[in-house]
There are 2 protein chains.
Amino acid sequence: MSATIKDIAEAAGVSAATVSRVLGNKEGFYSQSTATRVRKIAASLDYEKNTSAVELVTQKSHVIGVIISATKTNFSDKIIEGIHAEAIRHGLSVIMLYAGQNDPQLQEQALRTLIERAVKGILVVAIELTDKNLALLQDSQIPYRFLSTSYNSNKLPSIASDDYQIGYQATRHLIERGHRKIGLVAMDTSGHIGQQRVAGYRAAMIQEALPVKDEWVKVGMYTYEDGIKAMQAFGQQPEVTAIIGASDLAAIGVLNQAMQYDIQVPKQLAIVSIDGTYLARIVRPQLTTVTQAFYEMGTLGTQMLLDQTQQTISQFTPIKIETRQST
Amino acid sequence: MSATIKDIAEAAGVSAATVSRVLGNKEGFYSQSTATRVRKIAASLDYEKNTSAVELVTQKSHVIGVIISATKTNFSDKIIEGIHAEAIRHGLSVIMLYAGQNDPQLQEQALRTLIERAVKGILVVAIELTDKNLALLQDSQIPYRFLSTSYNSNKLPSIASDDYQIGYQATRHLIERGHRKIGLVAMDTSGHIGQQRVAGYRAAMIQEALPVKDEWVKVGMYTYEDGIKAMQAFGQQPEVTAIIGASDLAAIGVLNQAMQYDIQVPKQLAIVSIDGTYLARIVRPQLTTVTQAFYEMGTLGTQMLLDQTQQTISQFTPIKIETRQST
DNA sequence: CTGAAAGCGCTTACAG
DNA sequence: CTGAAAGCGCTTACAG
């Protein structure tokens with residue numbers, strides 16, 4: 001079908017080895033005259049190198065694999081953008097595979113695809129692997145890193161925000177504005193992230209000797225619907241004067257349900273959301289957020305994945321409070 | 001490093017060919033007893049097949065390539081979800097590459113990566129290729145299809161919405177509600193999509209003998225900011241009583257700026273947005289939308305890409321009006 | 001500066 | 001049911 005190195009060699013009257021050297025720019029291993037001749041013929045033949053052959057013989061790959069959640073929250077976009085930007089800088093391509101949040105089968109399939117392809121590295125975005133799949137990944141000897149999942153107590157290399165700080169700072173922000181009864185909503189406390197955030201929240205409350213009622217903390221899966229439901233549970237006369245939403249979407253759910261109840265935001269109810277994606281800016285009132293550095297997670301994660309010396313180190317990306325209309 | 005077929009062959013006391021047959025499930029070409037023995041050894045050796053070698057020898061690939069815009073509007077998420085769902089059904093993996101909206105260099109790089117990898121097919125999502133890059137794609141002999149870009153007047157295989165109908169129906173919806181002065185906002189009229197939508201809009205107006213002032217049609221790039229700017233241009237006392245936003249985000253821009261001006265939506269100003277992503281439902285008032293079937297674009301596009309007999313046919317996915325609070 | 005040769009890990013007619 | 005052999009398209013010591 002398409003032209004091979006041999007076709008070029010024949011047409012140019014040289015050996016395949018020479019063609020390979022020219023096309024691979026192995027400088028010093030060919031003369032200018034043959035180089036230009038070979039290049040011209042290659043172009044005229046619409047030659048494209050066969051990546052499979054190259055990868056097979058060189059035993060290395062120029063692609064990095066990314067596994068992301070299918071039911072992805074909207075923040076992963078930014079992470080992926082960051083990954084791509086950094087990958088392009090290094091001349092790598094990115095192969096992306098979706099895996100359900102809690103589907104071990106899909107996780108395994110995605111992992112195997114990447115391992116069979118012997119990718120240069122694997123980035124796992126916002127997914128917690130089962131123990132079995134984690135073992136599979138580790139046995140593969142391929143460098144890997146978790147993004148936006150500081151799970152297993154940082155035993156595994158990851159790039160993420162400090163979720164304890166997220167919970168703590170969101171709460172501090174509200175306490176400093178005079179709130180004493182603060183709710184925390186749509187957080188998944190079965191995972192490490194949710195647990196950390198709740199811990200940070202509790203610490204901030206305790207520090208000011210503020211009590212925390214169990215019903216102020218409402219679990220969920222970070223979704224818009226969980227935000228709505230949580231606000232419905234608080235009811236038209238909520239006991240709390242402020243609510244922290246586990247994600248921008250969850251906070252928007254809280255906001256919309258509050259408006260439905262004719263509760264004034266921020267006058268009667270203050271809202272802080274976590275993530276700080278563009279969603280927080282396009283709703284009215286705009287949401288005060290604990291903003292995560294998602295793009296940096298992508299770029300930094302990719303850099304560290306490629307840097308052999310830093311393979312085991314975990315790192316936090318910075319967070320910051322952006323004060324807007326909802327507090 | 002990792003085990004090969006040879007290692008297994010040796011350990012099992014059979015030839016590499018037999019191992020290959022067992023692991024490839026070439027039924028009838030091996031006995032049950034050898035099969036189980038080979039499989040056990042393969043598992044114990046953590047064997048993973050080398051995709052490069054397989055692709056090299058079989059001369060075919062199990063991956064489909066997707067090229068998407070870096071500055072992606074939020075709808076492409078759904079398209080990509082659809083692509084992945086369909087790809088998984090067929091046991092294919094997906095390699096995704098970002099290419100800037102108007103960066104011929106990045107486009108070319110993305111295309112070459114895919115062509116060198118000899119992927120099974122290429123899906124171009126919401127991007128218009130330059131003529132040169134289109135030629136590159138066509139010369140590659142790899143099946144391809146454009147998603148959500150009905151460009152070059154349907155000469156190229158694509159799956160998209162009927163943009164003329166989008167413009168027409170959005171306008172009809174407003175006319176039927178009594179509007180006679182209707183604006184169209186943030187549309188990129190340098191592209192085929194924008195041109196078609198404007199044509200549909202004009203046709204609907206003309207059909208009712210309604211005049212169209214040039215300043216009612218404001219161009220843009222479908223962004224939130226373009227929506228804001230357009231509304232600012234209309235001013236606090238807009239001449240039009242209804243505005244069609246080129247995307248959900250653009251419409252939200254219009255909405256927010258209108259609220260800023262204390263213009264009541266929909267009472268004083270009706271708004272229709274195009275796309276119908278979840279954004280339209282999370283803002284208040286919720287937006288009436290012309291909803292596109294993005295997920296289907298992904299699944300259908302992938303199906304047709306893989307179906308040799310349908311390679312050249314373009315097709316529209318359905319659109320529908322979803323009436324909400326903004327009209 | 002260039003070529004012949006070996007080999008990357010696999011698949012598949014061909015012969016038995 | 002199984003093995004020996006050829007070959008996919010490329011790269012790279014080795015020898016000149």
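Each chain gets a letter, A, B and so on, in the order the sequences are listed, and its residues count up from 1. Computed from a predicted structure; not experimentally measured.
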Whether [X] contacts [N] is assessed here as follows: a side-chain N or O lying under 4.0 Å from the phosphate OP1 or OP2. Is that the case?
| X | N | result |
| --- | --- | --- |
| B:Thr18 | D:dT2 | no |
| B:Lys6 | C:dG9 | no |
| B:Tyr30 | D:dG3 | no |
| A:Ser31 | C:dC1 | no |
| B:Ser20 | C:dG9 | no |
| A:Gln59 | C:dG9 | yes |
| B:Lys49 | C:dC10 | no |
| B:Ser15 | D:dG3 | yes |

Rounding to the closest angstrom, what is the interatomic distance between D:dT12 and D:dG16 at atom C1'? 16 Å

Euclidean distance, atom [atom1] of residue [X] to atom [atom2] of [N] [Å, nearest integer]:
| X | N | atom1 | atom2 | answer |
| --- | --- | --- | --- | --- |
| B:Glu116 | D:dC10 | CD | P | 10 Å |
| A:Arg21 | D:dT12 | CZ | P | 10 Å |
| B:Glu10 | D:dA4 | CD | P | 13 Å |
| B:Ile5 | D:dG7 | CD1 | P | 19 Å |
| A:Arg37 | C:dT2 | CZ | C1' | 12 Å |
| B:Asp7 | C:dC10 | CG | C1' | 13 Å |
| B:Lys60 | C:dT11 | NZ | P | 12 Å |
| A:Phe29 | C:dG3 | CZ | P | 15 Å |

B:Ser52 pairs by side-chain hydrogen bond (donor to acceptor under 3.5 Å, both in side chains) with which of A:Glu55, A:Glu116, A:Arg117, A:Gln59? A:Glu55

5'-most contact on DNA chain D (nearest-nucleotide basis), B:Ala53 vs A:Lys26, goes to B:Ala53

Of A:Ala16 and B:Ala17, whose closest DNA chain D nucleotide lies nearer the 5' terminus? B:Ala17

Beyond-backbone contact of A:Glu81 with A:Phe294, side-chain heavy atoms, under 4.5 angstrom: no

Which heavy atom in B:Asp7 sits nearest to a heavy atom in B:Ala3, and how many Å separate them? OD2-CA, 3.3 Å

Partner lookup for D:dC1, please. Criteria are Watson-Crick or G-U wobble with both distances under 3.5 angstrom; report none if nothing qualifies. C:dG16

Please classify the nucleic acid contact of A:Val57 as base, sugar-phosphate, or nothing, using heavy-atom distances under 4.0 Å. base

Hey, does B:Thr34 reach any base, or is it just sugar-phosphate, or nothing, if we go heavy atoms under 4.0 Å? sugar-phosphate

When you look at CD of B:Gln138, are more than 12 heavy atoms from neighbouring residues, nucleotides or ligands closer to it than 6.0 Å? yes

Heavy atoms from other residues, nucleotides or ligands near CD of B:Gln105 exceed 12 (cutoff 6.0 Å): no

Would you call A:Arg112 and A:Glu108 a salt bridge, taking side-chain N to carboxylate O under 4.0 Å as the test? yes

